[in-house]
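A, B, ... follow the sequence lines: proteins, then strands. Residue 1 opens every chain.
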Amino acid sequence: MVASGYPLSPGEARKVERRHRLSRSRDFDNVYRHGRSTSTRFFTLHAFPREDANSEPRLGLAIPRSVGSAVKRNRLKRMLREVWPLNDRKAGFDYVLAARPGLVEAAESHDFDWLGERVDEVMEKAGS
RNA sequence: GUCGCAGGCCGGGUGACCGCGAGCCGCUUCGGCGGUUCGAGGAAAGUCCGGACACCGUAGGGCAGAACGCUGGAGAAAUUCCAGGCGGCGAAAGCCGACGGAAAGUGGCACAGAAAGGACACCGCCUCCGGGUAACCGGCGGUAAGGGUGAAAAGGUGGGGUAAGAGCUCACCAGCACCGUGGUGACGCGGUGGCUAGCCAAACCCCGUUCGGUGCAAGGCGAAGCAGGUCCCGCUCAGGCGGCCCGCCGAGGGACCGGGUGCGCCGCUCGAGCCGCCGGGCAACCGGCGGCCUAGAUGGAUGGUCACCCUCGACAGAAUCCGGCUUACAGGCCUGCUACGGGA
RNA sequence: GCCCCCAUCGACUAGCGGCCCAGGUCACAGCCCUUUCAAGGCUGCAGCGCGGGUUCGAAUCCCGCUGGGGGCA
């Protein structure tokens, strides 16, 4: 794992494309029901191993209304999608990353890299 | 120039790299790849009104219910807009107003006060009668000017008048009715008359106008999948048509347990559309001509990094669409007007 | 997204436009009672979500915000 924000060479997949997202309510239910959860001050991460251990990891974002207005929630999702693939993610897992209240206010007073560090924090704690 | 008022507009900009959604074109091993063009708001918000559109066994009648309420106009309609009237606020520009009816009925007006609506007079005032030396006391009456209470007290102010008083009489003002006159009208102005009729309808209500329900999770097409069971009511009026009645439909309806699906496409953006010019109208708006196509996502598209500039950037993110209303909003620009001050 | 409902002390609730600077229960604080605690008695603490309007007068009626809760595939 690399601490810098730019570890990837051009051409390598560095974004959360649509096929790398959770898109169905059923997928979310699976992760919640059968996955394991880990919490930090700003996030709750649910992880669930898929049947095919070599498939690409997928991400779902859960941003409740309690974190802020629609503008704040949208912006948070964009930034999280941006920051997510900057680090290696374990293949064969579905993740649901849920934001907790206070995250938006904290992110506004820090910079973009700070948000990445918070995501790394919860991933490490989950033992990925 | 300063202060204020009204109306309109903008809502950081430029460039580079990496990314996101849609349309079109090309390539494709059908997984995608490349190019190109577009890609959130004035409120997209609250969901407070009104429609379009879609569906519903009957969208039928009456009652009930709800909403609205000065006049004229605009508009598809509206708790909408424009102009005008009246009332209130302001020195003015201007702003605000659910602004029909209280002599159709019902009801209310706490406390205080004599009395809260056709007054029955508490303190009082006055004539007369009786008593008393007198101060004064008692009584039959006449009054409502003054005091006091209250949010509100039976037209107000002044003169005359009277025993004291009273629209009793007179003038002015307010209010009412009628006549004339101006205006499409609300209403204004003038005259005459009689001399008074409290407030509350965002209390019930009366009058007038309008209103079927549900909402794109409407609704349509396709694909996939499953498993039924128990009980109650009914075909001898159960059930449905908003609450009731009539009337109509009508053979199945309901409760609980269990099982399945929870996918793709359409609806989905060309519309009461936007821009410009001309004409009509005080205006809202309407008409004509020319031009333009301007988000359509579906776990839900606008972000990250860097550089420079400035006044260091508010409220805030489309989800069927449109017309309004309301609410939030850093800073800035333009136009017109009022008052005051200064100059020519 | 669309459509509904609610709001009164810290909590649960009463409250025909004036008898209400809003009543009750639990909780909290103090005092009495008791050897002490509990129970009981007395006293206090505190509230009409916010802003306008109607009315002489609003928790109550009307309008607009704000904050909660629910339903619809």
Side-chain angles (χ1 to χ4, degrees):
Chain A
M1 195 158 317
V2 194
S4 159
Y6 306 96
L8 299 172
S9 57
E12 192 170 349
R14 53 187 296 179
K15 60 183 176 179
V16 181
E17 289 183 341
R18 232 161 242 292
R19 66 168 181 274
H20 299 135
R21 296 186 197 170
L22 294 185
S23 65
R24 297 298 163 203
S25 174
R26 156 170 286 181
D27 297 332
F28 278 79
D29 286 347
N30 261 325
V31 176
Y32 284 135
R33 195 161 304 156
H34 304 297
R36 292 178 24 180
S37 70
T38 311
S39 292
T40 61
R41 168 73 183 79
F42 295 111
F43 291 105
T44 298
L45 180 76
H46 298 263
F48 171 65
R50 300 172 69 185
E51 291 182 8
D52 180 5
N54 295 320
S55 60
E56 292 176 303
R58 296 191 300 176
L59 172 67
L61 293 171
I63 315 294
R65 286 188 70 137
S66 56
V67 305
S69 65
V71 173
K72 290 176 177 173
R73 296 199 304 273
N74 276 341
R75 180 168 163 77
L76 183 62
K77 281 194 279 187
R78 288 175 193 133
M79 292 175 79
L80 286 174
R81 255 180 240 125
E82 193 77 29
V83 90
W84 177 262
L86 296 180
N87 305 285
D88 298 321
R89 301 301 173 212
K90 203 170 183 176
F93 274 84
D94 279 347
Y95 297 98
V96 171
L97 186 63
R100 307 183 66 183
L103 178 60
V104 167
E105 288 73 17
E108 275 171 357
S109 57
H110 297 78
D111 60 357
F112 184 70
D113 290 331
W114 178 87
L115 189 63
E117 289 163 14
R118 296 286 79 72
V119 175
D120 290 342
E121 182 182 67
V122 71
M123 291 301 288
E124 282 175 30
K125 190 172 176 186
S128 68

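- A continuous path of ILVMFWY side-chain contacts below 4.5 Å connects Met79(A) to Ile63(A), so both sit in one hydrophobic cluster.
- Nearer to the 5' terminus of RNA chain B, by closest-nucleotide assignment, is the contact made by Ala62(A) (compared with the other of Ser69(A) and Ala62(A)).
- The base-pairing partner of G296(B), taking Watson-Crick or G-U wobble contacts with both distances under 3.5 Å, does not exist among the strands shown.
- Glycosidic conformation of A218(B) is anti; the angle lies outside 90° of 0.
- In this structure, the aromatic ring of Phe28(A) is positioned over the six-membered ring of the base of G299(B), centres within 5.5 Å and planes within 30°.
- Hydrophobic clustering (side-chain heavy atoms under 4.5 Å, transitive across Ile, Leu, Val, Met, Phe, Trp, Tyr) groups Val104(A) together with Val83(A).
- Side chain of Glu82(A), nearest nucleotide from A318(B), G304(B), A40(B): G304(B).
- The Phe112(A) side chain lies nearest to U305(B) when the options are A318(B), U305(B), G300(B).
- Annotation: G117(B) and C96(B) have their C1' atoms spaced 35 Å apart (nearest Å).
- Shown here, U327(B) is classed anti by the O4'-C1'-N9-C4 or O4'-C1'-N1-C2 angle, which is more than 90° from 0.
- Val71(A) and Leu61(A) fall into different hydrophobic clusters, defined by Ile, Leu, Val, Met, Phe, Trp and Tyr side-chain heavy atoms under 4.5 Å apart, directly or through other members.
- Taking atom CZ on Arg78(A) and atom C1' on G303(B), their separation rounds to 7 Å, with Å as the unit.
- Here the separation of A83(B) from C282(B), taken at their C1' atoms, is 8 Å to the nearest Å.
- For the pair Leu80(A) CG and A301(B) P, the computed distance is 13 Å after rounding to whole Å.
- Residue Ile63(A) contributes atom CD1, which lies 12 Å from atom P of A301(B) at whole-angstrom precision.
- Separation of the C1' atoms belonging to C179(B) and U79(B) is 42 Å when rounded to the nearest angstrom.
- Base-pair partner of C321(B): G51(B) (Watson-Crick or G-U wobble, both distances under 3.5 Å).
- A straight line from NE2 of His20(A) to C1' of G19(B) spans 15 Å, rounded to a whole angstrom.
- Rounded to whole Å, the P atom of C123(B) lies 11 Å from the corresponding atom of G138(B).
- Residue Arg75(A) is classed as a sugar-phosphate contact, given heavy-atom separations below 4.0 Å to backbone atoms only.
- Going from atom CH2 of Trp84(A) over to atom CZ of Arg21(A) covers 13.0 Å, rounded to the nearest 0.5 Å.
- Across the strands present, C315(B) finds its partner in G41(B); the criterion is a Watson-Crick or G-U wobble pair with both atom distances under 3.5 angstrom.
- Because its glycosidic torsion is within 90° of 0, G31(B) is reported here as syn.
- Using Watson-Crick or G-U wobble geometry with both donor-acceptor distances under 3.5 Å, A197(B) finds no partner in any strand shown.
- Comparing the C1' positions of G44(C) and C9(C) gives an interatomic distance of 14 Å, to the nearest angstrom.
- Summarising the base pairing, G252(B) is matched to C233(B) through a Watson-Crick or G-U wobble pair whose two defining distances lie under 3.5 Å.
- Between the side chain of Arg73(A) and the main chain of Gly68(A), a donor-acceptor pair closer than 3.5 Å is present.
- With C1' as the reference atom, G41(B) and U327(B) are 15 Å apart, rounded to whole Å.
- Side-chain atoms of Arg21(A) stay outside donor-acceptor range of the base of G300(B), with no qualifying N/O pair under 3.5 Å.
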### Query
Please walk me through it: do Asn74(A) and Lys77(A) pass side-chain contact (heavy atoms from CB on, under 4.5 Å)?
CA-CA 5 Å; Asn74(A) 276 341; Lys77(A) 281 194 279 187; 3.9 Å; yes

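- Computed from coordinates, the Lys77(A) NZ to G304(B) P distance equals 15 Å when rounded to whole Å.
- Look at CG on Asn74(A): it is 9 Å from C1' on G300(B), rounded to the nearest Å.
- Shown here, G84(B) forms a base pair with C70(B); the pair counts as Watson-Crick or G-U wobble because both key distances fall under 3.5 Å.
- In this entry the base of G42(B) is syn relative to its sugar, with a glycosidic angle within 90° of 0.
- Taking atom C1' in both G61(B) and G198(B), one finds a spacing of 46 Å when rounded to whole Å.
- Scanning all heavy atoms of the two residues, the minimum distance from Gly102(A) to Phe42(A) falls at O-CE2, 3.9 Å.
- With both pairing distances under 3.5 Å, G228(B) is matched to C257(B) as a Watson-Crick or G-U wobble pair.
- Under the 90° criterion around 0 for the glycosidic angle, U269(B) counts as syn.
- Separating the CZ atom of Arg73(A) from the P atom of A319(B) is a distance of 13 Å, rounded to the nearest angstrom.
- Taking atom CG of residue Leu61(A) and atom P of nucleotide G303(B), one finds them 16 Å apart after rounding to whole Å.
- Atom CG of Asp94(A) and atom CG of Asn30(A) lie 8.0 Å apart (nearest 0.5 Å).
- Under the Watson-Crick or G-U wobble criterion, with both distances below 3.5 Å, U192(B) is paired with A177(B).
- Remark: the separation of the P atoms in A295(B) and G323(B) is 14 Å, to the nearest Å.
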